[in-house]
Amino acid sequence: MDYEILVVEALAVSLLRGLDVDVVRVAFRSETRQGIAEVVQCSPDLNASEIEAALKQAAIGNPRYAAELVVGDLRLPFLVTPFGDDELSGELLVGASRSGFPTDIELRIISQALLQASAGLKQRSSPSQPPDGPTPANAPNPTEAIDSIPGLAWSAGPDGAAQYFNDHYLTYVGHDAASLQGIGWTATVHPDDLDGLVAAWAKMLSSGQGGEAEARLRRFDGEYRWFLFRTNRFVDSSGAVVRWYGLNIDIEERKRAAEALQASEFHLRQLTETIPQALWSATPDGAIRYLNKKGLDFMGVEADDLTDGFWWAEGLHPDQVAGIIGTWERCVATGEPYNVEVLYRRRVDEDYRWVDVRALPMLDDDNNILMWYGSLIDIHDRKIAQEDIASSERRLQLIIDTIPGMVWSALPAGGGSFANRHFRTYLGLSVDEANELGWASAVHPDDLWELTETWRRMAETSQPGECEARLRRFDGEYRWFLCRGNPLVDAAGRVEWFGINVDIHDWKIAQDELREAQAELTHMTRVMGMGQLTAAIAHELSQPLSGILVNASAGLHMLSMNPPQVESAQETVKRTIRDANRASDVTERIRALYNGSAPIVEVVDLNAIAQEVIGFAHSDLRKNGVNVRVSLASDLPAVRGDRVQLQQVIFNFIKNGTEAMSGVVGRPKDLEISTAREKSDYVRLAVKDVGPGFNPVISEKLFSPFFTTKTNGMGVGLSVSRAIVESHSGRLWAEPNERYGATFAFSIPAVEAASVSTNTTRDRSE
C-alpha cells in the first residue's frame, strides 16, 4: 500500500495548499490488504494528534456530510466525502476554522482533486512489490506515477537508510540517486538545520511512528528553500516496519508568509502597545479578551482579569451599569457600532471620570461578526469644559436678559437674529416678531427712514454706527433711544452685528432744558464778570486811593502851618502823584487781565520789586505793628513779567498776612518775605505770617473769586493774584505753617525759561 500512501499524500498536500483550509485527512481501505492507512495534513497552528482524537470521539462514519469538530477551544467546520472503487475505498475529510466553509467553489475544487487521485490510484502497483522492485509486464509502471507526485518523494529501509528518490527529488537537488542513498541525502540539507532534522528522523525511527520536520534543502543552483519533511511507515502483518516512505513539500512561500505574518503581528502588537490610546477587542459574543498596555493602565486591571462576562462593569457608576450593559448587548446582537459616554472609576481611584467608549465590528463577506475593535478615550476634562461652557452660556444669557438695555444681534441684511428679554418685553414683541425685520414696526414713522439709512451705510462699510430714534413702548408711548451697532467679522469675511438700544428720552429732555439754562447762564456770566471786574478794581484801588487821601491831607496840613512847610508839602504832592499813577496803572492792568490782553512784559528783578512793595506798604505795616524780615536770594536770576502786576501779587500777599495777624496777642507779629531759586529754571517768592492759619481742606478755595475767611473781606485779592501768576506761566499756592500762620507763595520762570515760553506763546499767536 506504499504507492497508495504516496498518491493520497499528494492529494492531501494539493488540497491543503490549493484551498484556504486548516486540515486534510484521508482514510482508505483495500480488499487485497488488511487494515487502514491514514494521512493527516494540518496547518502549523493545529496538532495532528488532537485532530485524530477529536475524530475518533466524533465517530465519523456517514459519507458526504458537513458537521463541526471541536478541537480544544477551536470549532472546526468540516466536510466528509467518500472516494475509491471496489478494490480501494475511503473517506476524505477537509476542515477550516472560518465560517461558511465549504463554499460551492470549494466543493468543485475538492471534487476535481478526488478525480485526479482516483486516476492515480488505478495505476497502483501489486501489493507485494515496492516502487523500486520488478513490475509485471501487464501492470502500469508505478515509478511513472510516483514521479508525477507534486513533491520530493523518497523511501528508506527499516533502519532509515535512504533507498529510493523520485525524479522530481533528483532533478531538484541536482544529484544522482547513488550519491543520495544511505545518508548521502544529508549533504543537501542546510548546515544550520541538519542536526535538528537528523534528531527528528532518529526520533521517528526509534518510536516507529511517522512524523514531520522542517529544514532547508539546497536546490541544484545552490539556493536553499524550506521544506516540510513528512514520513509514514509501512508495516507487515506482524506490525514490524518494512519500509519508510517520505514526502518533502516545498513550504518556502508558506514559511515566508508565516514569518511576514509573524513580523506583521509583532509590528501590530508593538503599534497597539505603544500607541498613546487605550485600545481593546472583544469576541463576536461580546467578551473583552484584549486590552493594550494603555488600556490596562486606563482601567486599572491586569491581563489575567480579562475573563468572560461583564467584569468591566465594576468600574461603572451605579446609575449607568444597567443601561451600558444593555446597550453593549444590543450592539453585539445587531452589529451596530457601539458608542457611549460613561462615568468610570478605576479600582485605585476615588473619583469617577468621563470616558468615551466606542467600538466597530469586523465583518466577513456574509456580514458575520468576526471581532470587535474599540477604544477608550478620557474626555473628563473636555466634558467638564463643556459643562462649564454650557453654564457660562446660561449665565451669559441671564446677564444679557437682565441688562437694562435692549441687546440684539442682526444679520448683514438687517434681519434680527437675537433680542434679549428686555428688548422683547419693552416693545411687546414675541421672539419671532423681534427677529427678521419685525422690530421696524416699533420705530416712529418720522425716524424710520433715518434709522434705515444709517443701517444701510453701516452694512456697506462694515463700520460701527449709531442713530437716535423713537421706539414705541408696549403701551403705545414713544421714547427716544440711542441705537448702536458693532460688526463682528470672522476669518471668512462673514459679518454678524451686535448692538444695544439705550433709553435716552430723559437725557434728550434734559438737553433741551440745559440749552435754556445755558442761555441764562451766559447772561448771568456776563453780569457776574462785570461785577468781578468791578470788585477787583475796587479792591486793588483801595490802597493807592487811601495813600492819595493821606498824602493830600498831609500836604494841606503842611501848607497851613506857620510858616508853611513847602518842601515837605512838595514831597507829599509827589507821593500823591505816584499813588495816582499807580492807581491808574493798576486799573489798566486789571482790565487787561480780565479782557485777556497780553501783559506788558519786561525783564525785571523780583528782589527789587519786593523791596518796592515793602516801601509802598511801610506805613501800613508800621501802623499794624508788623515786624518785616526780608530774606532775598543774592543769586536770584531775573524774570520776564509785568512789573505792576507782580507788585500787586506781592502787595496782596503782604496785605493778606498783615490782616491775618491783626488779632494776634502775646507773640510778635512777624512777617517774613523771601525769594529763592526753585529747581533750575524757576524763581519763587513767599510771604510767611504767624496768624491763625487755615484748614488745609480749603487751600484751593482760597483763590476762588469772592471766597474769604475774613468778616469784612471781599475775596478778590487772591483770585486776582492767581490770574496774574498763571498769566506769567507760573503757579500760586498756600500752605499752613507747622506752628502758627500760613505761607503764600508763587513761582514763575526765570529769564531763560520765560524766553522760551514767551517765544512759544508768540509763535502760536502769530
Worksheet entry | Side chain to side chain, Tyr338 and Ile324, heavy atoms closer than 4.5 Å | yes
Response to the item:
Here the pair of heavy atoms bringing Ala313 nearest to Val321 is O-CG2, 4.0 Å
Worksheet item: Picking from Phe234, Trp201, Tyr164, Phe229, what satisfies ring pair (Phe, Tyr, Trp, His ring centres under 6.0 Å) with Trp244?
Response: Trp201
Fill in: Ring centres under 6.0 angstrom apart (Phe227, Tyr172)
yes
Worksheet item: Which pair of heavy atoms, one from Gly335 and one from Pro361, lies closest together, and at what distance?
Response: O-CG, 3.4 Å
Fill in: Heavy-atom donor-acceptor pair, Asn166 side chain to Ala153 backbone, under 3.5 Å
yes
Fill in: Check ion pair Glu341-Arg358 (N to O, under 4.0 angstrom)
no
Worksheet item: So, Asp297 side chain and Lys294 main chain: donor-acceptor pair closer than 3.5 Å or not?
Response: no
Fill in: Any donor-acceptor N/O pair, Glu252 side chain to Trp226 backbone, under 3.5 Å
yes
Worksheet item: Does any N or O in the side chain of Asn232 come within less than 3.5 Å of the main-chain N or O of Leu247, such that one atom is a donor and the other an acceptor?
Response: no
Worksheet item: Do the side chains of Asp378 and Asp356 get nearer than 4.5 Å, heavy atoms only?
Response: no
Worksheet entry | Closest contact, heavy atoms only, Pro337 versus Cys331 | O-SG, 3.6 Å
Worksheet item: Is there side-chain contact between Leu217 and Val189, with heavy atoms separated by less than 4.5 Å?
Response: yes
Practice prompt. Report yes if the side chains of Ile288 and Trp311 come closer than 4.5 Å at any heavy-atom pair, otherwise no.
Written response: yes
Fill in: Salt-bridge contact Asp308-Arg289 (side-chain N to carboxylate O under 4.0 Å)
yes
Discussion item. Which heavy atom of Met204 sits nearest to which heavy atom of Gly211, and what is that distance?
Written reply: CE-C, 3.5 Å
Worksheet entry | Any side-chain heavy-atom pair of Val94 and Val23 under 4.5 Å | no
Worksheet item: Are Ser391 and Asp388 close enough that a side-chain donor and a side-chain acceptor fall under 3.5 Å?
Response: no
Item to complete: Could you tell me whether the side chain of His380 and the main chain of Trp354 form a donor-acceptor pair under 3.5 Å?
Response: yes
Discussion item. Test your reading of the model: is there a side-chain donor-acceptor pair from Thr171 to the backbone of Asp167, 3.5 Å cut-off?
Written reply: yes
Worksheet item: Backbone N or O of Gly286 within a donor-acceptor pair of the Trp328 side chain at under 3.5 Å?
Response: yes
Fill in: Arg233 (side chain) donor-acceptor with Val242 (main chain) under 3.5 angstrom
no
Worksheet item: Where is the tightest heavy-atom contact between Ile369 and Val332, given as atom of each residue plus distance?
Response: CD1-O, 3.7 Å
Discussion item. Treating Thr186 as the side-chain partner and Ile183 as the backbone partner, does any N or O pair qualify as donor plus acceptor under 3.5 Å?
Written reply: yes
Practice prompt. Taking Trp185 for its side chain and Gln181 for its backbone only, find out whether a donor-acceptor pair lies under 3.5 Å.
Written response: no
Worksheet item: Take atom CD in Glu223; do more than 12 heavy atoms of anything else shown fall under 6.0 Å from it?
Response: yes
Worksheet item: Just wondering, are more than 12 heavy atoms of other shown residues or ligands nearer than 6.0 Å to CG in Asp365?
Response: no
Fill in: Student check: side-chain heavy atoms of Glu253 and Arg225 closer than 4.5 Å
yes
